[in-house]
Amino acid sequence: MLKPTIGNDSITIRKISIEDNKKTKDYIIYREMTIKENQKIKATQLDSLILINRLNVYNLRIFNDVNFNITHWENDSLDLHIKIKEKWTLIPVPIIKLADRNVNEWWRQYNHDFSRIQYGIRFNWANVSGRNDVLSFATSFGLTQMFEIGYLNPTLNKKRTIGFGGYFSYNRSRRIPVNTIDDKLSFIDLNKNFHYNHFQVSTTFLYRPNIYTNHYLKTTYSYSSVSDSVISANPDYYINQKKSSKLYKNWILI
């Protein structure tokens with residue numbers, strides 16, 4: 001196998017192959033690369049371009065290791081072989097939270113009552129279908145109960161430039177603070193019914209015309225409501241003595 005001398009002006013990348021991507025689609029990796037098959041590059045730029053492309057692929061954050069190897073280097077042409085090691089992308093995380101503002105308040109004011117602990121599980125499943133998509137899920141129980149689910153796919157069209165995601169969350173609580181008295185949160189004793197409800201829905205649109213340019217459009221709607229007992233204890237819990245509150249938000253990131 002002959003290698004080009006320093007005097008060679010350009011090198012042709014004949015072929016690019018990928019190994020050990022058992023789950024990830026080839027085009028997800030190719031999408032992050034500036035080097036293409038049958039492309040000519042300056043010989044002096046070969047090392048730097050390989051390094052940049054390796055980092056681009058690694059920055060997908062779904063691989064433990066990414067290696068670019070030169071193979072079949074003959075005269076002024078060569079092949080690139082990419083060897084990757086995929087991550088274990090389903091990682092559960094336990095949820096353990098206090099209903100109170102801090103441990104000191106929970107320990108002294110509420111006599112470290114374990115019924116005030118919120119417990120559950122959360123996980124983010126990256127690269128679910130091998131398309132660098134993400135599924136998130138969380139649920140918890142206790143004084144405050146919560147459920148969340150979301151999905152984001154950044155490569156919906158054939159050109160891999162358009163993505164879409166959705167998110168939904170729901171929270172409810174039996175016991176909520178209604179006021180602050182002497183620098184302490186004031187609660188009302190509630191029964192087994194849930195007296196606070198909140199849900200949120202959001203959608204995200206992505207447009208990525210090239211590797212280093214991302215555009216986002218995110219729209220969010222949230223709604224929260226409280227019971228008559230809460231309004232009786234604090235008529236100004238919401239503006240104008242309302243029992244509910246709505247909120248719309250839009251973000252555009254360019």
Side-chain angles (χ1 to χ4, degrees), residues 1-91 124-136 150-166 203-218 252-254:
M1 181 171 64
L2 300 177
K3 295 184 179 181
T5 64
I6 298 177
N8 289 116
D9 293 330
S10 64
I11 299 174
T12 300
I13 308 297
R14 287 192 308 264
K15 183 181 178 181
I16 301 175
S17 58
I18 305 173
E19 181 184 357
D20 287 343
N21 54 324
K22 299 177 181 178
K23 186 175 185 180
T24 309
K25 309 297 183 183
D26 286 356
Y27 60 76
I28 294 298
I29 297 172
Y30 291 138
R31 177 68 177 84
E32 304 304 310
M33 297 175 57
T34 61
I35 300 177
K36 309 297 180 183
E37 289 185 348
N38 300 315
Q39 178 182 352
K40 289 186 177 181
I41 61 175
K42 292 183 179 180
T44 55
Q45 296 179 342
L46 179 61
D47 289 343
S48 60
L49 284 174
I50 287 178
L51 176 60
I52 290 172
N53 281 264
R54 176 183 175 275
L55 292 175
N56 285 349
V57 174
Y58 185 78
N59 285 339
L60 285 170
R61 295 185 296 182
I62 56 177
F63 305 126
N64 282 321
D65 194 20
V66 177
N67 287 301
F68 278 57
N69 299 304
I70 297 173
T71 62
H72 304 100
W73 192 341
E74 299 173 353
N75 298 321
D76 60 349
S77 62
L78 56 83
D79 296 339
L80 278 180
H81 182 72
I82 305 171
K83 186 177 177 63
I84 64 172
K85 185 178 181 180
E86 294 177 321
K87 285 183 178 180
W88 182 40
T89 52
L90 177 58
I91 304 176
N124 290 321
W125 189 357
N127 205 25
V128 180
S129 64
R131 296 172 174 85
N132 196 28
D133 47 345
V134 180
L135 174 67
S136 60
Y151 178 75
L152 178 65
N153 189 333
T155 55
L156 287 179
N157 61 335
K158 291 183 178 180
K159 293 183 179 181
R160 324 300 173 196
T161 57
I162 296 176
F164 176 79
T203 58
T204 303
F205 295 90
L206 298 87
Y207 176 57
R208 191 184 184 203
N210 58 64
I211 297 175
Y212 303 111
T213 304
N214 290 279
H215 304 281
Y216 297 87
L217 172 60
K218 184 174 182 179
I252 299 178
L253 302 177
I254 299 177

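In this chain, residues are counted from 1 in sequence order.
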From CA spacing to verdict: side-chain contact (heavy atoms from CB on, under 4.5 Å), W125, T89: CA-CA 6 Å; W125 189 357; T89 52; 3.7 Å; yes
Begin from the C-alpha positions of N214 and L206 and carry the test side-chain contact (heavy atoms from CB on, under 4.5 Å) through to its verdict. CA-CA 7 Å; N214 290 279; L206 298 87; 5.7 Å; no
Run N69 and L80 through side-chain contact (heavy atoms from CB on, under 4.5 Å) and show every step you take. CA-CA 6 Å; N69 299 304; L80 278 180; over 6 Å; no
Report the C-alpha separation of K15 and D79 in whole Å, then their side-chain angles, then the decisive distance to 0.1 Å, and conclude whether the salt bridge (charged side-chain N to carboxylate O under 4.0 Å, His left out) test is met. CA-CA 5 Å; K15 183 181 178 181; D79 296 339; over 6 Å; no
S77 and R14: CA distance, side-chain angles, deciding distance, side-chain hydrogen bond (donor to acceptor under 3.5 Å, both in side chains) verdict: CA-CA 6 Å; S77 62; R14 287 192 308 264; 2.4 Å; yes
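In this view, L51 and L55 satisfy the side-chain contact (heavy atoms from CB on, under 4.5 Å) rule, not counting sequence neighbours. Every residue two or more places apart in sequence or in another chain was checked for a side chain to side chain donor-acceptor pair (under 3.5 Å) with R54, and none qualifies. For Y58, the side chain to side chain donor-acceptor pair (under 3.5 Å) criterion is met by no residue, not counting sequence neighbours. Every residue two or more places apart in sequence or in another chain was checked for a side-chain contact (heavy atoms from CB on, under 4.5 Å) with N38, and none qualifies. Contacts of R31 classified as salt bridge (charged side-chain N to carboxylate O under 4.0 Å, His left out), with partners at least two apart in sequence or in another chain: none. Under the salt bridge (charged side-chain N to carboxylate O under 4.0 Å, His left out) criterion, E19 pairs with K83, sequence neighbours left out. Evaluation of the side-chain contact (heavy atoms from CB on, under 4.5 Å) rule for N124 yields S136 as partners, not counting sequence neighbours. Partners of I162 according to the side-chain contact (heavy atoms from CB on, under 4.5 Å) rule, which considers only residues two or more places apart in sequence or in another chain, are N157, Y207. N67 meets the side chain to side chain donor-acceptor pair (under 3.5 Å) test with D65; sequence neighbours excluded. D26 pairs by the salt bridge (charged side-chain N to carboxylate O under 4.0 Å, His left out) definition with nothing, not counting sequence neighbours. Y30 pairs by the ring-ring contact (aromatic ring centres under 6.0 Å, His included) definition with nothing, not counting sequence neighbours. Applying the ring-ring contact (aromatic ring centres under 6.0 Å, His included) test to Y151 and every residue at least two apart in sequence or in another chain returns nothing.
Rounded to the nearest 0.5 Å, atoms CZ (R160) and CZ (R131) are 8.0 Å apart. Here F68 contributes atom CZ and I18 contributes atom CD1; the two are 8.0 Å apart, rounded to the nearest 0.5 Å. Taking OG from S10 and CG from L46, the interatomic distance works out to 11.5 Å, rounded to the nearest 0.5 Å. Atoms CG and OG1, on L217 and T203 in that order, are 7.0 Å from each other to the nearest 0.5 Å.
Contact annotation: the side chain of T155 never approaches that of N132 to less than 4.5 Å [non-hydrogen atoms, C-beta and beyond]. M33 has its side chain within reach of I16: a pair of non-hydrogen atoms, C-beta onward, lies under 4.5 Å apart. By the 4.5 Å heavy-atom criterion applied to side chains, H215 and P209 are counted as neighbours. I41 has its side chain out of reach of T12: every pair of non-hydrogen atoms, C-beta onward, lies at least 4.5 Å apart. Residues I29 and I84 meet the side-chain proximity criterion, which asks for heavy atoms closer than 4.5 Å. The shortest side-chain heavy-atom distance between I35 and L49 falls under the 4.5 Å cut-off.
T24 and E86 are linked by a side-chain donor-acceptor pair at a separation below 3.5 angstrom, with hydrogens and angles left out of the test. Side-chain contact of T34 with N56: a donor-acceptor pair under 3.5 Å is absent, judged by distance alone. A side-chain donor from one of S17 and H81 sits under 3.5 Å from a side-chain acceptor of the other.
For NZ of K36, the number of neighbouring non-hydrogen atoms (other residues, nucleotides, ligands) closer than 6.0 Å is greater than 12. K25 NZ: 12 or fewer foreign heavy atoms inside a 6.0 Å radius.
Without hydrogens or angle criteria, K23 side chain to N127 main chain gives a donor-acceptor distance under 3.5 Å. Side-chain atoms of N153 never come within 3.5 Å of backbone atoms of D133 as a donor-acceptor pair (strictly under, hydrogens ignored). A donor-acceptor contact shorter than 3.5 Å links the side chain of S48 to the backbone of Q45.
Under a 4.0 Å N-O distance rule, the pair E32/R61 does not qualify as a salt bridge.
Minimum interatomic distance between Y212 and N210 (heavy atoms only, all atoms of both residues): N-OD1, 3.0 Å.
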